[in-house]
Amino acid sequence: MSHHSNRGTTMHVFVTGGTGTIGTAVVTELLAHGHTVVGLARSDASAALLETAGAGILRGSLTDLDVLRSGAAAADGVINLAFSRDYSSADGLERGLVEERGAMETLGDALIGTGKPLVAVSGTPWVPGRLSTEVDPLPTDGPVGSRAVAVSTLLALSAQGVRASVVRMPRTVHENGRGGFAGLLTDAARRSGTAGYPGDGTQRWPAVHARDAATLFRPRTAAARRRPGAASSRRSSSGVPRPCRRGSRRRRRSP
């Protein structure tokens, strides 16, 4: 289905999570470079956003595994970005991880032996005393440890004819002042009127703008054709300090 144009090889890409913070930017980036996109839409609102952006629509959710198989089979490549928005409890987070793992396994199985790229997203590990890199392993313990196992399983599909790769995103991927871990803290502060912070507030959190992140996913879809089974990281801010004080209304600038 891919073809050549004066802008190089164009592809038909199936994207899950195409209306989220990262996904919206990724869909825009793909379309701007001449690719065609079909996005998974679980609601009328999501379908409308995809249609406005210029993408095709495949109705369904991460738990509709037959829909995921058909979307992957009809595409030249797949980018999996969807994740549950339920962070309200440990049970909600675990359900989201289970859904994501099932979707990744289904998409991977659908692409075995095809040589097509499958690009997924994961988090960035923390390493005491220094910046983490692509070679640092993701932790397999803690609340999201199972995600690392799912990512490793996906990357192993490179031995079965899937051009698998993973982009590691920092905890804050932001757009218009929203998104990521910092966005969750900001939203909580707006609701409660209190600016809380973890620990003593001296942590530094890496961050990236969604549109900067999108520029990495697009070439990874093509680069996976050349070097499968790889992970890459993206950040534009190596550390955003969080020294806010409880109840403070002062605005601080990030470096």
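In what follows, every heavy atom counts, from backbone to side chain, and hydrogens, waters and symmetry copies are set aside. Each residue takes its place number in the sequence, starting with 1.
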Is the closest side-chain heavy-atom distance between [X] and [Y] below 4.5 Å?
X      : Y      : value
Val127 : Thr133 : no
Leu138 : Arg168 : yes
Lys116 : Phe14  : no
Thr10  : Thr36  : no
Leu154 : Arg101 : no
Ser70  : Leu58  : yes
Val26  : Val37  : no

Give the C-alpha distance, both sets of side-chain angles, the deciding distance and a yes or no for side-chain contact (heavy atoms from CB on, under 4.5 Å) between Arg218 and Ile79.
CA-CA 9 Å; Arg218 177 183 55 80; Ile79 299 177; over 6 Å; no
Atom [atom1] of [X] and atom [atom2] of [Y]: how far apart are they, to the nearest 0.5 Å?
X      : Y      : atom1 : atom2 : answer
Arg95  : Thr63  : CZ    : OG1   : 12.5 Å
Glu105 : Glu100 : CD    : CD    : 10.5 Å
Ile57  : Glu51  : CD1   : CD    : 5.0 Å
Ser192 : Asp187 : OG    : CG    : 10.5 Å
Leu107 : Ile112 : CG    : CD1   : 11.5 Å
Glu29  : Asp212 : CD    : CG    : 10.0 Å

If you compare all heavy atoms of [X] against all heavy atoms of [Y], which two are closest, and at what distance to 0.1 Å?
X      : Y      : result
Gly96  : Ser84  : CA-CB, 3.7 Å
Val27  : Ala55  : CG1-CB, 4.2 Å
Pro117 : Leu111 : O-CD1, 4.0 Å
Met11  : His35  : N-ND1, 2.9 Å
Val121 : Val166 : C-CG1, 4.2 Å
Ile22  : Met169 : CD1-CG, 3.9 Å

Cationic N near anionic O, under 4.0 Å, Arg130 to Asp136: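 A salt bridge links Arg130 with Asp136.
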**Prompt:** Do the ring centers of His174 and His209 come within less than 6.0 Å of each other?
**Reply:**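 Yes, the ring centres sit under 6.0 Å apart.
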Linking I/L/V/M/F/W/Y whenever any side-chain heavy atoms sit under 4.5 Å apart, do [X] and [Y] land together?
X      : Y      : answer
Leu49  : Leu81  : no
Leu157 : Val149 : no
Val98  : Val67  : no

Examine distances only and state if a side-chain atom of [X] and a backbone atom of [Y] form a donor-acceptor pair shorter than 3.5 Å.
X      : Y      : value
Thr16  : Ala82  : yes
Thr194 : Ala189 : no
Arg69  : Asp109 : no
Ser46  : Arg42  : no
Ser132 : Pro125 : yes
Thr140 : Gly145 : no

Inset, instruction - Start with the C-alpha gap between Leu68 and Val78, add the side-chain angles, then the distance that decides, and say whether side-chain contact (heavy atoms from CB on, under 4.5 Å) holds. - result: CA-CA 10 Å; Leu68 297 182; Val78 178; over 6 Å; no
